[in-house]
Every structure is written in C-alpha cells, then in structure tokens.
2 protein chains.
Amino acid sequence: MSAIPHDLPAPTLGFLLNDVARLLRKRFEQNAKGLGLTRAQWQVLAHLRRAEGIAQGGLAELLEVEPITLARIVDRLEDAALVERRPDPKDRRIKRLFMRPEALSLIDDMQVIGDATRAEALEGLPAADRDHLTRILGVMKTNLAQACSTGCRQKEAVHG
Amino acid sequence: MSAIPHDLPAPTLGFLLNDVARLLRKRFEQNAKGLGLTRAQWQVLAHLRRAEGIAQGGLAELLEVEPITLARIVDRLEDAALVERRPDPKDRRIKRLFMRPEALSLIDDMQVIGDATRAEALEGLPAADRDHLTRILGVMKTNLAQACSTGCRQKEAVHG
DNA sequence: AAGACTTCGTAAGCATGCTTATGTTTTGCG
DNA sequence: CGCAAAACATAAGCATGCTTACGAAGTCTT
C-alpha cells in the first residue's frame, strides 16, 4: 500500500450511476451464467411476452435502443430457437417477433435470478429508499430520453 | 397506434438503472463528440490526474473494471498521445501510467460537458433528491462490489 | 538453486451499445 | 402510373465490458 491517499474524484453521480449499473449487470450475469441467456436477451424476451407480434422497430423504441442493437440480440435469440421472426402479411418491410414455447420457462428462471440479484444490490436499504430511487431514476430517464432525441436529431421539431 | 395497452413490465429497477446509465452515457457522448474522447477515456484521465504513475492493475482496481478492459482504453489513449506507459525500474512486469501535457485541457473540457450532461439528467430534481440518490447508489455499489468478488471467485474461500 | 505459484499485462473472442451507410419495400405526389 | 421520399431491417465498423488463456517476470518453497 502506498501512502498516497488519493481521495477519489468525487464520483460525479454520472460515474457512480454507471458503476452501479455495470456491477449490477455483471452480478446478474454471474448469477445467470448457467442459463445461457444474457441480460439484454432476457429483457427482450420479457417485453416480448407482453407484446408478442410486435415489429422490431416498435420493440426497439420500447426498449429505447437503436433498431440495429435489437436486431443483433434477436439474431442470437433466433439462433437459440427462442424467438421467431415472421413476415408481416401487409407490409413486407416488417418482421414481427414471436416467442417459441421454450422461452417461457427460461423467462421465469431469469425472473427469479433477477429478483435475487436485485435483493443483493439493495441489501440494507429500506423500502422507502427503494421507492425513492425508482422515482428519481424515472425522472432522470424521462429527462435523458428527451434530451437525447431533441439534441440528437430534432426529428419532428414539433416543439410542443 | 394499436389498441394493445402493453403496460410495461414494471421496469424492475435493474432495467431502470441500466436504462438511465445507458442514456446518460449516450447523452454525454453526444455532447462530447467534438472532443474525440469517450466517457471511459475521460474517466481514466480524470483518475490519472490524481494518481499519476499508478500501475495499470492498480488503476483498474480503482475503476473497478478488469485489467484487460483498462488496457484497451489505455491503448487508445496512448495512440492519441495523451498518456504514456513507462516501465517500472524495480519490477519489469509493471507499466506505470503518466499523462502527457496535452491531456490537461482536455480533462477540463470534459468536466464542463460532464457537469452540463448531469444537469440535464437531474433537471427538476431538488438537491435533497440528488443527495439521496448518491447515498443510495453508494450503498448499492458497495453491496455489488462485495457480491461480485465473493460470489465470483471465493478468492479467500473463508470456509473452503 | 530449481521448481511452483502468483502477479502483471495482454491476446482472443464474445455480447452490447453506438453511428453511418445500404438495400428493400411502401407511400405519396405529380 | 412512376419516381422521390420515408420507413424498416440490416451491414460495417468502433468502443467498452466480460471471460478465458497465455507469456513474462517476481516470489516463495523446498
């Protein structure tokens, strides 16, 4: 151990948030290693259960990732025979996503692991803090989603 | 618009946290695009300013990433002539990291952008909420760092 | 001193996220 | 109808994170 104290650069909340997210992801994937599914793949399946038949673009928007990001996750899920892409009969540009029955039990397993991992992370925090955290993060997500889209493209530029 | 309500799967705090971190990162990189530095590279430089001459392994531990992850970031920083690897005179396994003078002003620029991005994300949240958030995340980080290391390797293997 | 074990940095290979560019299809305007 | 514009999915290429595996260099044991 050196004598240098290096007091850390006051982890600016941005870094802190990123660290927590990364560690949570890491821990989850440690716990879920046996299942052969990553966290992102699970997230796709979980949403799919609620919205089977959704088009890739729509799901990407729901997940707030870029369409190409989702496309690659779906590639792997299709390779694993957990998901099917089916053409839309009306619009041949669109591919709709459907779950294979094998995916269902897997989703439940992931859920259990997710709950356990979350419990590890939140240990020692009372329910009030958890609620508070959820609420604050919700606000931040809204702020950021808006900032990203308006600052990025001025898509519709409706301003209202 | 379809008539399907799909009420979202109650973004389990894990997902929410991940989303916020991802969007914050995305937004930061949008804002910082002109500087030619990514967030991770900035983080390395920022720590380096406090702890010049640190060995790669030590810095990786400080950042709580794997050594290989840091090695690749340093590769790019060295390519950009912002950082130097220098051999340790005593231990030839070790490479110590030093900043080039060009990095200093860059760090300051990044700091400004970081502050601005954080402000965007936290808009509408009172200072009390921000403090609360920081505190809660700190607890979670501690929990997770511990869970990751004990659950991952049983390093010290307390009882076999 | 020699062999084993550990530590440091790195290589290889994968998954996820991004941006930018492409091809295909649908739509919309003349 | 026919061509331009928009929308959907994908390809290509990069950065970051991981795991696993390795070579080189210290350290420890015998």
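Naming: A, B, ... by sequence-line order, numbering from 1 per chain. Fair warning: this is a prediction, and the values are worked out from it, not measured in the lab.
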Shortest side-chain distance from A/Lys26, nucleotide among C/dC18, D/dG17, D/dT19 | D/dT19
Nucleotide [N], atom [atom2] - distance to [atom1] of [X] in whole Å:
X	N	atom1	atom2	value
B/Leu63	D/dC18	CG	P	11 Å
A/Glu29	D/dT20	CD	P	13 Å
B/Leu70	D/dT16	CG	C1'	12 Å
B/Arg39	D/dG17	CZ	C1'	10 Å
B/Phe15	C/dG17	CZ	C1'	16 Å
B/Asp75	C/dT10	CG	P	6 Å
B/Gln30	C/dT20	CD	P	10 Å
B/Lys95	D/dG23	NZ	P	16 Å

Please assess B/Lys141 against B/Glu64 for the test salt bridge (charged side-chain N to carboxylate O under 4.0 Å, His left out), listing each intermediate value before the final yes or no.
-> CA-CA 10 Å; B/Lys141 182 171 170 179; B/Glu64 291 182 275; 3.3 Å; yes
OP1 or OP2 of D/dC18 sitting under 4.0 Å from any side-chain N/O of B/Thr69?
-> yes
A/Arg85 side chain N/O closer than 4.0 Å to the phosphate oxygens (OP1, OP2) of D/dT10?
-> yes
Just the atom pairs and distances: protein N or O near nucleotides 12-15 of chain D's N or O, under 3.5 Å.
from: D/dG13; atom 1: O6; to: A/Arg72; atom 2: NH1; distance (Å): 3.4
from: D/dA15; atom 1: OP2; to: B/Arg76; atom 2: NH1; distance (Å): 2.9

Please report the shortest heavy-atom distance between B/Ala147 and A/Gln30, naming the atom on each side.
-> O-OE1, 4.3 Å
Polar contact flag, side-chain donor to acceptor under 3.5 angstrom, B/Arg135-B/His132 = yes
Just checking, any donor-acceptor pair under 3.5 angstrom between side chains of A/Gln56 and A/Arg85?
-> yes
Which residue lies toward the 5' end of DNA chain D, A/Asp91 or B/Val65, if each is placed at its nearest nucleotide?
-> A/Asp91
Closest-nucleotide 5' rank along DNA chain D - winner of A/Gln56 and A/Arg22 = A/Gln56
Atom pair CE/CG of B/Met140 and B/Leu17 - distance to nearest 0.5 Å = 5.5 Å
Can you tell me how far the CZ atom of A/Arg72 sits from the CD atom of A/Glu66, to the nearest 0.5 Å?
-> 13.0 Å
Counting only heavy atoms not in B/Glu61, do more than 12 fall under 6.0 Å of its CD?
-> no
hbond_proxy A/Arg93 side chain to C/dT24 base (donor-acceptor, 3.5 Å cutoff) = no
Residue mapping more 5' on DNA chain C - nearest nucleotide basis, A/Ile73 or A/Arg92 = A/Ile73
